[in-house]
> 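Before I ask anything, let me first share the structure, which is written out below as structure tokens.
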Amino acid sequence: LRMILIGPPGAGKGTQAPKIKERFSCCHLATGDMLRSQVAKKTPLGREAKKIMDQGGLVSDDIVIGMIKEELENNKECQGGFILDGFPRTVPQAEGLDAMLKERGQTLQHAVELQIDDALLVARITGRLIHPASGRSYHTTFNPPKQAMKDDVTGEPLIQRSDDNAEALKKRLVTYHQQTSPVVGYYQKNGIWKGLDASQQPGEVWKNMLDILEGKK
Ligand code: AP5
Ligand code: ZN
């Protein structure tokens with residue numbers, strides 16, 4: 001499987017991607033998770049990225065294209081294919097991905113857009129909790145962990161992302177509509193785009209996702 005997931009902050013990319021990974025035995029590459037791991041390690045890139053992320057802007061195209069390229073080349077899990085979550089987020093990133101795949105003699109099979117009104121995203125984002133090491137996400141109301149503030153798998157503490165507040169979300173949405181919406185047009189033109197109603201329950205979204213990936217929709 002070779003696919004990308006496009007959608008605004010809180011649409012459910014990080015919720016659906018692990019299920020796709022498990023079902024199709026491929027890698028799940030989330031540029032946001034990779035950047036947050038650099039932030040946690042306080043690398044020079046991490047320090048720079050944190051400022052941009054907390055303000056809802058985008059890290060430079062070259063940096064994220066380089067991160068994806070490195071993973072596709074070296075991550076063994078990617079031999080079975082990949083799901084890209086949060087990448088490409090600009091048209092130059094989409095072009096960079098095409099160039100990378102061309103070198104490998106591959107093409108993208110699916111570009112799935114998780115469609116949802118901005119108004120529904122505030123509650124999703126402000127209630128989200130994450131397990132930093134794995135990137136697993138929960139929600140205080142919509143998907144509570146078994147034990148309060150603890151990861152179901154490891155029992156380790158859950159935290160709130162520093163960009164998960166109403167103010168930063170507003171800026172992330174502006175960035176999305178200005179810079180990432182054109183990516184939808186890019187894949188509509190090349191014929192692999194499919195839209196999916198992401199306002200439904202997670203289980204319904206998953207069912208529709210499978211229909212798309214198995215060619216039933
Ligand atoms: P990134 O980490 O990609 O953040 P994002 O795009 O804002 O997306 P989110 O992770 O917020 O949302 P999601 O769709 O994964 O939602 P989730 O499934 O967790 O990027 C962060 C930052 O890094 C960017 O702002 C940018 O600065 C930088 N960056 C990253 N990639 C970059 C790139 N390519 N180029 C440049 N810069 C880049 O769900 C959200 C919540 O809702 C959860 O609590 C979940 O439990 C709940 N939920 C999920 N589905 C449902 C449902 N169906 N019903 C009810 N609740 C649900
Ligand atoms: Zn995410």
> Looking at Thr175 and Gly56, would you say the former's side chain and the latter's main chain have a donor-acceptor pair under 3.5 Å?
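Present.
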> Give me each pair satisfying ring-ring contact (aromatic ring centres under 6.0 Å, His included) with a member in residues 134-183, each pair once, sequence neighbours excluded.
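For residues 134-183, and leaving out neighbouring residues, the ring-ring contact (aromatic ring centres under 6.0 Å, His included) pairs sorted by first residue read His139-Phe142.
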> Could you tell me if Glu71 and Asn75 have a donor-acceptor pair between their side chains, going purely by distance under 3.5 Å?
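Glu71 and Asn75 do have a side-chain donor-acceptor pair below 3.5 Å.
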> At their closest point, which heavy atom of Lys50 faces which heavy atom of Ser162, and how far apart are they?
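Taking every non-hydrogen atom into account, NZ-OG, 3.4 Å.
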> Would you find a donor on one side and an acceptor on the other, under 3.5 Å apart, between the side chain of Asn143 and the backbone of Thr140?
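A pair under 3.5 Å: no.
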> Only one of Lys170, Lys171, Arg172, Lys51 forms a salt bridge (charged side-chain N to carboxylate O under 4.0 Å, His left out) with Asp163, so which one is it?
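Exactly one candidate clears the test, Arg172.
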> Are Ile130 and Val122 connected into the same hydrophobic cluster when the rule is that any two of I, L, V, M, F, W, Y join if their side-chain heavy atoms are below 4.5 Å apart?
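Val122 and Ile130: separate clusters.
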> Inspect the surroundings of CD in Gln188 and state if more than 12 heavy atoms from other residues, nucleotides or ligands are less than 6.0 Å away.
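Check passes, neighbour count above 12.
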> Closest approach of Ala198 and Ile116, non-hydrogen atoms and distance?
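What the structure gives for the nearest pair is O-CD1, 3.8 Å.
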> Any non-hydrogen side-chain atom of Met100 less than 4.5 Å from a side-chain atom of Ile68?
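Side chain of Met100 against side chain of Ile68, heavy atoms only: contact under 4.5 Å found.
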> side-chain contact (heavy atoms from CB on, under 4.5 Å) for Arg136 and Thr154? Distances and angles first, verdict last.
CA-CA 11 Å; Arg136 261 187 294 283; Thr154 63; 4.0 Å; yes
> Are the side chain of Lys41 and the backbone of Gly46 linked by a donor-acceptor contact shorter than 3.5 Å?
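Not a single qualifying donor-acceptor pair exists.
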> Using a 3.5 Å distance criterion without hydrogens, assess whether the side chain of Asp117 forms a donor-acceptor pair with backbone atoms of Ala119.
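A pair under 3.5 Å: no.
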> Assess whether atom CD of Glu214 is packed by more than 12 heavy atoms of other residues, nucleotides or ligands within 6.0 Å.
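Enclosed: over 12 neighbouring heavy atoms sit under 6.0 Å from CD of Glu214.
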> Which atom pair, heavy atoms only, marks the closest approach of Thr90 to Val183?
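The answer is C-CG2, 3.4 Å.
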> Going through the distances and angles, do Lys102 and Leu97 end up as a side-chain contact (heavy atoms from CB on, under 4.5 Å)?
CA-CA 8 Å; Lys102 198 168 173 198; Leu97 176 62; over 6 Å; no
> To the nearest 0.5 Å, what is the distance between OG (Ser25) and CD1 (Ile20)?
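Those atoms lie 13.0 Å apart.
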> Should Met3 and Ile192 be regarded as members of a common hydrophobic cluster, given that ILVMFWY residues are connected when their side-chain heavy atoms come within less than 4.5 Å of each other, either directly or indirectly?
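Hydrophobic grouping puts Met3 apart from Ile192.
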> Are Leu35 and Ile6 connected in the hydrophobic side-chain network, where two residues link if heavy atoms are under 4.5 Å apart?
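In one cluster with Leu35: Ile6, yes.
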> Provide the full list of ring-ring contact (aromatic ring centres under 6.0 Å, His included) pairs with a residue in residues 67-115, sequence neighbours left out, each pair given once.
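Every pair satisfying ring-ring contact (aromatic ring centres under 6.0 Å, His included) with a residue in residues 67-115: there are none.
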> Could you check whether Lys69 pairs with Glu103 (Lys NZ or Arg NE/NH1/NH2 to Asp/Glu carboxylate O, under 4.0 Å)?
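Salt bridge flag = yes for Glu103 with Lys69.
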> In plain terms, say whether Lys19 and Glu22 are close enough for a salt bridge, that is, a side-chain N and a carboxylate O under 4.0 Å apart.
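No, no charged N to carboxylate O under 4.0 Å.
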> For the residue pair Lys207 and Asp211, establish whether any side-chain heavy-atom pair is separated by less than 4.5 Å.
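Not in contact.
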> Side chains of Cys26 and Ile83, heavy atoms from C-beta outward: is any pair under 4.5 Å?
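Sidechains of Ile83 and Cys26: in contact.
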> To check you understand the geometry: which heavy-atom pair defines the closest contact between His131 and Ser134, and what is its length?
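Residues His131 and Ser134, closest heavy atoms: ND1-OG, 2.7 Å.
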> What heavy-atom pair brings Pro88 and Ala94 nearest, and what distance separates the two atoms?
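Looking at all heavy atoms of both residues, the closest pair is CB-N, 3.4 Å.
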> Is there a side-chain contact between Arg128 and Ile125 in this structure, where contact means two heavy atoms from C-beta onward sitting under 4.5 Å apart?
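In contact.
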> How long is the span from the CD atom in Glu167 to the CG atom in Asp54, to the nearest 0.5 Å?
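Answer for the CD-CG pair, Glu167 versus Asp54, is 10.5 Å.
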> Indicate the atoms forming the closest heavy-atom contact of Val91 with Pro182, along with that distance.
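Between these two residues, the closest heavy atoms are CG2-CB, 3.8 Å.
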> Within a strict 4.5 Å, meaning less than it, do heavy atoms of the Ile4 and Val112 side chains meet?
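Side-chain contact under 4.5 Å: no.
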> Would you say Glu204 and Asn208 are linked by a side-chain donor-acceptor pair, where the criterion is simply a distance under 3.5 Å?
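No, Glu204 and Asn208 have no side-chain donor paired with an acceptor closer than 3.5 Å.
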> If we ignore hydrogens and angles and just use 3.5 Å, is the side chain of Asn74 paired with the main-chain N or O of Glu70 as donor and acceptor?
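Side chain of Asn74 to backbone of Glu70, a donor-acceptor pair under 3.5 Å: yes, one is there.
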> Around Lys150, counting heavy atoms of other residues, nucleotides and ligands shown, do more than 12 lie under 6.0 Å from its NZ?
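Not more than 12 within 6.0 Å, no.
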> With rounding to the nearest 0.5 Å, note down the distance linking CD1 in Ile52 to CZ in Arg47.
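Taking CD1 in Ile52 and CZ in Arg47, the distance rounds to 14.5 Å.
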> Let me see the working for Lys13 and Leu114 under side-chain contact (heavy atoms from CB on, under 4.5 Å), right down to the final yes or no.
CA-CA 8 Å; Lys13 304 180 295 292; Leu114 296 178; 4.0 Å; yes
> Any chance the side chains of Trp206 and Gln16 put a donor and an acceptor closer than 3.5 Å?
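Their side chains do not contain a donor-acceptor pair, so the 3.5 Å distance test is not met.
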> Could you tell me if the side chain of Gln38 sits less than 4.5 Å from the side chain of Glu48, heavy atoms only?
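With C-beta onward as the side chain, the pair stays apart.
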> Say you draw a straight line from CG of Leu72 to CD of Gln79; how long is it, rounded to the nearest 0.5 Å?
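Output value for this atom pair is 11.5 Å.
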> Say you draw a straight line from CG of Asp62 to CE of Met67; how long is it, rounded to the nearest 0.5 Å?
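Asp62 atom CG to Met67 atom CE measures 12.0 Å (nearest 0.5 Å).
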> Hydrophobic cluster membership, with links at side-chain heavy-atom distances under 4.5 Å among I/L/V/M/F/W/Y: are Leu173 and Met53 in one?
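No, separate clusters.
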> By disulfide (SG to SG under 2.5 Å), which residues pair with Cys78, not counting sequence neighbours?
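Per chain and number, Cys78 pairs via disulfide (SG to SG under 2.5 Å) with Cys27.
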> Using side-chain heavy atoms (C-beta onward) and a distance below 4.5 Å, is Leu1 in contact with Gln109?
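SC-SC contact between Leu1 and Gln109 confirmed.
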> Under the side-chain contact (heavy atoms from CB on, under 4.5 Å) rule, what do Met149 and Leu129 come out as? Steps first, then yes or no, please.
CA-CA 8 Å; Met149 293 306 284; Leu129 300 169; 3.8 Å; yes
> Can you tell me if Asp197 and Ser199 form a side-chain donor-acceptor pair at under 3.5 Å?
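Checked: Asp197/Ser199 side chains pair up, N/O donor to acceptor below 3.5 Å.
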> Can you find a heavy atom in the side chain of Arg2 that is under 4.5 Å from one in the side chain of Arg104?
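Answer no - side chains too far apart.
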> Answer with yes or no whether the hydrophobic clustering places Trp193 together with Met209; edges join I, L, V, M, F, W, Y residues whose side-chain heavy atoms lie under 4.5 Å apart.
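Each belongs to a different hydrophobic cluster.
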> Among Asp61, Ile65, Val59, find the one that has a side chain to side chain contact (heavy atoms under 4.5 Å, CB included) with Ile63.
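So the option named by the test is Val59.
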> Nearest 0.5 angstrom please: Ile212 CD1 to Glu113 CD, how far?
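Rounded to the nearest 0.5 Å, the CD1-CD separation comes to 10.5 Å.
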